[in-house]
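One structure below.
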Amino acid sequence: MPGHDDFLDDYIAYKLCCEDDGDDSSDGCYIATAVYGTYDCPELWVLRRFRDYGLRKSKIGTAFVRFYYAVSPRLVRRFRNAERIKRVSKSILDLLVRQLKKRGFEETPYYDR
């Protein structure tokens with residue numbers, strides 16, 4: 001059905017960004033999932049821990065997370081076939097993950113809080 005994916009992505013972005021039900025535990029890592037090809041890998045475990053136990057500890061970090069979930073579904077959809085952008089994004093995410101691991105964020109299996 002044409003437009004269905006756009007509507008669904010926009011609805012998900014709205015739910016994650018604009019509705020505050022007090023439980024943000026089911027947030028997906030859209031860009032990292034698209035780059036790594038799965039939601040369940042060591043790199044995403046590190047990034048999800050950083051989101052939950054790093055970024056969400058401050059108002060600025062929480063605002064960034066909300067912004068990310070508002071725009072990332074559209075970015076993923078827009079660039080899903082752009083292999084060069086995926087390679088560059090992966091390099092950036094790999095660097096970020098290495099830095100986060102040095103700061104103590106573990107790469108062991110993680111189930112959203």
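Worth knowing before you read on, the calculation uses all heavy atoms, side chains too, and leaves out hydrogens, waters and symmetry mates. Source: prediction; values computed, not measured.
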On a heavy-atom basis, which atom in Ser89 and which in Val35 lie closest, and how many Å separate them?
CB-CG2, 3.7 Å

Taking ring-ring contact (aromatic ring centres under 6.0 Å, His included) as the cut-off, I'd like each qualifying pair that reaches into residues 72-108, sequence neighbours left out, listed once.
Phe50-Phe105

Taking all atoms of both residues into account, what is the closest heavy-atom pair of Arg49 and Glu106, and its distance?
NH1-O, 2.9 Å

Taking everything shown except Leu95 itself, do over 12 heavy atoms lie less than 6.0 Å from its CG?
yes

Heavy-atom pair of closest approach, residues Ala34 and Val76
CB-CG1, 3.9 Å

I'd like to know if Phe64 and Tyr30 are part of one continuous hydrophobic network [Ile/Leu/Val/Met/Phe/Trp/Tyr, side-chain heavy atoms within less than 4.5 Å].
yes

For Tyr68 and Leu55, what are the C-alpha separation, side-chain angles and deciding distance, and is it a side-chain contact (heavy atoms from CB on, under 4.5 Å)?
CA-CA 12 Å; Tyr68 172 83; Leu55 291 174; over 6 Å; no

Reported CZ-to-OG distance for the pair Arg77 and Ser72, which is rounded to 0.5 angstrom:
10.5 Å

Has Lys86 got a side-chain atom pairing as donor or acceptor with Arg80's backbone, closer than 3.5 angstrom?
yes

Quick one: does Leu96's side chain get under 4.5 Å of Leu47's, heavy atoms only?
yes

Leu75/Ile31 under side-chain contact (heavy atoms from CB on, under 4.5 Å): CA gap, chis, key distance, verdict
CA-CA 8 Å; Leu75 289 173; Ile31 294 172; 4.3 Å; yes

Can you see which heavy atom on Tyr39 is nearest to which on Arg48, and at what distance?
O-NH1, 2.8 Å

At what distance, to the nearest 0.5 angstrom, does SG of Cys41 lie from OH of Tyr110?
14.5 Å

If I compare all heavy atoms of Glu43 with all of Val97, which pair ends up nearest, and what's the gap?
O-CG2, 3.9 Å

With a 4.0 Å cut-off, would you call Arg98 and Asp94 a salt bridge?
no

